[in-house]
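What you see is a predicted model; the values in this text were computed from it and never measured. Computed from heavy atoms alone, side chains included, the values below leave out hydrogens, waters and symmetry copies.
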Amino acid sequence: MAEQPLGAHFVAEPIELPDGRRIRVSAYPDGSIRFSVDGLPYVLTEAYLSGNPKTDKAVVKLSPGRQGSAAAYNYAEELAERNRA
């Protein structure tokens with residue numbers, strides 16, 4: 001039988017962005033980190049996950065909508081439309 005996933009041992013309070021989206025971060029006993037973001041779709045536009053662990057930091061950038069991809073719609077356009085209403 002497969003191992004059951006570990007429960008998070010730390011869950012940060014959600015961060016609310018100015019447009020109402022929320023970001024949540026969880027940390028797990030095995031050292032993994034999970035990010036949860038509202039407002040799909042997103043596209044992974046930057047990932048820096050290796051290098052010197054003493055001097056470098058991991059960076060993950062998600063961009064909304066069609067920025068560099070064929071995602072369903074462009075979130076920037078959606079925000080502009082909301083602001084016009």
Side-chain angles (χ1 to χ4, degrees):
M1 182 184 285
E3 273 187 50
Q4 294 296 317
L6 296 172
H9 71 251
F10 174 78
V11 179
E13 289 293 319
I15 299 168
E16 186 163 341
L17 301 176
D19 63 4
R21 291 177 296 149
R22 297 178 139 232
I23 301 169
R24 288 170 292 288
V25 179
S26 304
Y28 295 85
D30 65 357
S32 61
I33 301 168
R34 180 175 191 245
F35 301 92
S36 175
V37 186
D38 297 342
L40 298 176
Y42 282 96
V43 177
L44 180 62
T45 55
E46 180 181 356
Y48 182 74
L49 304 172
S50 62
N52 183 338
K54 293 182 180 178
T55 60
D56 295 328
K57 297 178 181 170
V59 175
V60 175
K61 181 179 179 183
L62 300 176
S63 296
R66 240 188 313 234
Q67 298 174 4
S69 79
Y73 67 95
N74 187 327
Y75 194 73
E77 291 175 8
E78 174 72 18
L79 288 176
E81 182 64 33
R82 282 189 213 168
N83 290 335
R84 283 193 286 264

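When all heavy atoms of His9 and Pro29 are compared, the pair lying nearest together is ND1-N, 3.0 Å. Closest approach of Tyr42 to Gly39, counting heavy atoms only: CE1-O, 3.3 Å.
In the hydrophobic cluster analysis, where Ile, Leu, Val, Met, Phe, Trp and Tyr join through side-chain heavy atoms closer than 4.5 angstrom, Leu40 is grouped together with Ile23. Under a hydrophobic clustering in which Ile, Leu, Val, Met, Phe, Trp and Tyr are joined whenever their side-chain heavy atoms come within less than 4.5 Å, directly or via other members, Val37 and Val60 fall into the same cluster.
Residues Leu44 and Leu62 have side chains in contact (heavy-atom distance under 4.5 Å, counting atoms from C-beta outward). Asp56 has its side chain within reach of Tyr48: a pair of non-hydrogen atoms, C-beta onward, lies under 4.5 Å apart.
At most 12 heavy atoms of other shown residues, nucleotides or ligands fall within 6.0 angstrom of atom CD in Glu13.
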